[in-house]
There are 2 protein chains.
Amino acid sequence: MNVELRARVCPVRRRGVELRAECERCAGQPAAGQSRYERGELLCLEGREATHVVPIISGFARELRTLPDGRTQALRLLQPGDIAGIEALHAPTYRSTVECVTRVRACRIAGAEVGEYVVEHNAVSRPLLRVVEEQAASLADGMVWLGQGSAEERVFAFLERLLQPYPRGSWVRVPLTRGEMGELLGLGLSTVSRTVHRLAAKKVLEVRGRSLRFLDRPE
Amino acid sequence: MNVELRARVCPVRRRGVELRAECERCAGQPAAGQSRYERGELLCLEGREATHVVPIISGFARELRTLPDGRTQALRLLQPGDIAGIEALHAPTYRSTVECVTRVRACRIAGAEVGEYVVEHNAVSRPLLRVVEEQAASLADGMVWLGQGSAEERVFAFLERLLQPYPRGSWVRVPLTRGEMGELLGLGLSTVSRTVHRLAAKKVLEVRGRSLRFLDRPE
DNA sequence: CGCACTTTTGAGGGTTTTCAAGTGCCGTGG
DNA sequence: CCACGGCACTTGAAAACCCTCAAAAGTGCG
């Protein structure tokens with residue numbers, strides 16, 4: 001199979017999830033039904049009517065919840081292939097806010113439309129179930145880190161997973177500010193900064209502004 | 001509709017999820033295919049081959065993960081109607097351990113069996129999706145508390161949700177030890193104890209051994 | 001080139017943990 | 001029925017960890 005072609009296939013479809021017939025057009029074509037969003041724009045807003053399911057095609061977004069007093073906790077980082085606002089299938093309102101962290105391309109699909117499509121195309125439901133399960137697994141990972149990990153363990157685990165797709169030792173620019181990382185990890189902005197530099201002091205990684213890279217462990 | 005009858009309907013089916021044809025027998029009958037478990041027994045074991053989906057009919061269980069060094073974080077409390085080991089539908093191994101906190105009645109259904117049934121009975125997939133989504137939502141709630149809440153907020157929120165089904169002001173025996181609560185809330189055993197008594201000192205609730213009750217707020 | 005935002009870094013204080021000892025509850029067995 | 005033993009719970013003190021507040025330095029975009 002041609003690698004060039006595979007790379008251009010929609011990341012959602014690549015995971016076996018096909019949300020509607022027209023989605024076929026996504027395969028390398030100029031993006032039927034896709035929208036563009038800038039950093040800071042919202043894909044879903046907590047409490048608002050849940051109208052659309054929003055699969056992410058490219059870029060990063062973060063899902064977050066805000067407490068009545070203004071504190072916010074980020075739940076997970078969404079990457080291409082993840083789906084924002086999947087509660088539009090059942091719930092009347094969105095349960096969390098999804099905010100773009102970088103420029104994002106995403107589809108906007110009416111929840112009802114997905115529902116019908118799932119009923120018609122039986123095969124869709126299982127991959128969809130799988131996506132939601134993976135989402136749950138990702139949240140579970142988050143709980144373990146928040147509940148048991150020290151600041152250093154949380155930061156390390158987060159960065160390790162973020163840089164996983166890139167070759168070891170290469171410089172990668174973290175798309176989140178220290179504050180945003182803190183909201184994901186349940187840490188203060190300054191604690192994140194301090195911890196990153198403590199890891200650098202331990203020769204675990206190297207920092208250069210917002211970019212960093214892991215060093216090979218000596219042992 | 002007869003209340004007496006409704007009360008005897010399988011709590012899983014009551015949520016619209018029907019996992020197999022024989023499940024009809026569950027409706028008040030002497031429990032075809034149900035198993036009994038004692039406190040401490042495991043319904044799933046992290047890392048083991050994921051063979052069965054285990055809907056809980058009565059009793060409480062808790063889902064937990066263990067880190068390599070022995071620390072454990074509990075993810076959620078499972079109640080009647082919740083489903084343990086749902087990853088048996090897709091994943092090769094269980095992602096977490098589910099341990100009975102009280103005596104438990106549960107079905108054990110082979111994962112493959114559910115898969116076939118879902119494909120045959122199209123209508124099943126949407127309620128099932130809903131259950132998994134609710135599970136994800138519950139984990140998300142957990143993350144918010146772990147990340148942002150103080151010890152007092154976590155304990156209060158946990159107890160409030162646990163006692164929700166019972167009439168306000170009635171004594172309820174908490175089925176978890178302080179240590180088990182701590183593992184759910186990301187707190188030390190002693191912190192839980194201290195915090196419960198601090199809430200009692202603030203006249204929020206009354207403690208009598210392992211039982212407690214909420215007091216009505218004066219304002 | 002300048003402004004706005006982000007990051008770094010310091011000091012002090014509060015919350016939670018850890019370690020440890022003592023108390024209470026409950027079921028078992030005599 | 002009472003005594004005993006084993007958990008679970010309470011409570012104290014000290015220390016570790018992280019947060020808040022705050023100021024200064026760095027970065028990037030217009």
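Chain letters run A, B, ... following the sequence lines, proteins first, then strands; residues in each count from 1.
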Can you measure [X] atom [atom1] to [N] atom [atom2] for me and round it to whole angstrom units?
X: B:Glu152; N: C:dG14; atom1: CD; atom2: P; answer: 16 Å
X: A:Leu146; N: C:dT16; atom1: CG; atom2: P; answer: 15 Å
X: A:Glu183; N: D:dC18; atom1: CD; atom2: C1'; answer: 17 Å
X: B:Leu185; N: C:dT15; atom1: CG; atom2: P; answer: 18 Å
X: A:Arg210; N: C:dC5; atom1: CZ; atom2: P; answer: 14 Å
X: A:Glu38; N: D:dC29; atom1: CD; atom2: C1'; answer: 14 Å
X: A:His197; N: D:dA25; atom1: NE2; atom2: P; answer: 16 Å
X: A:Arg208; N: D:dG28; atom1: CZ; atom2: C1'; answer: 16 Å

Next item on the list: Could you check which of D:dC9, C:dT7, D:dC18 has an atom nearest any side-chain atom of A:Thr177?
Entry: C:dT7
Next item on the list: Return the nearest nucleotide to the side chain of A:Arg178; candidates are C:dT7, D:dA8, C:dT16.
Entry: C:dT7
Taking any heavy-atom pair under 4.0 Å as a contact, classify [X]: base, sugar-phosphate, or nothing.
X: B:Thr191; value: base
X: B:Ser190; value: base
X: A:Gly186; value: sugar-phosphate

Checklist line | Side chains of A:Arg62 and A:Leu78 in contact at under 4.5 Å (non-hydrogen atoms) | finding: no
Note to self: Is it the case that the side chains of B:Thr93 and B:Glu49 hold a donor-acceptor pair, with the cut-off being a distance below 3.5 Å and no angle test?
What the structure shows: no
Item checked: Gap between atom CD of B:Glu87 and atom CG of A:Leu129 - 0.5 Å precision -> 11.5 Å
Checklist line | D:dT10 OP1/OP2 closer than 4.0 Å to side-chain N/O of B:Ser193 | finding: yes
Check: Quick one: is A:Arg194 getting a side-chain N or O under 4.0 Å of the C:dT9 phosphate, OP1 or OP2?
Finding: no
Next item on the list: Carefully, step by step, assess A:Tyr166 and A:Phe214 under the rule ring-ring contact (aromatic ring centres under 6.0 Å, His included).
Entry: CA-CA 11 Å; A:Tyr166 304 95; A:Phe214 276 89; over 10 Å; no
Check: Want to settle it: does B:Gly209 or A:Leu189 sit nearer the 5' end of DNA chain D, counting the closest nucleotide to each?
Finding: B:Gly209
Notebook entry, point to check: Counting only heavy atoms not in A:Arg48, do more than 12 sit closer than 6.0 Å to its CZ atom?
Noted result: no
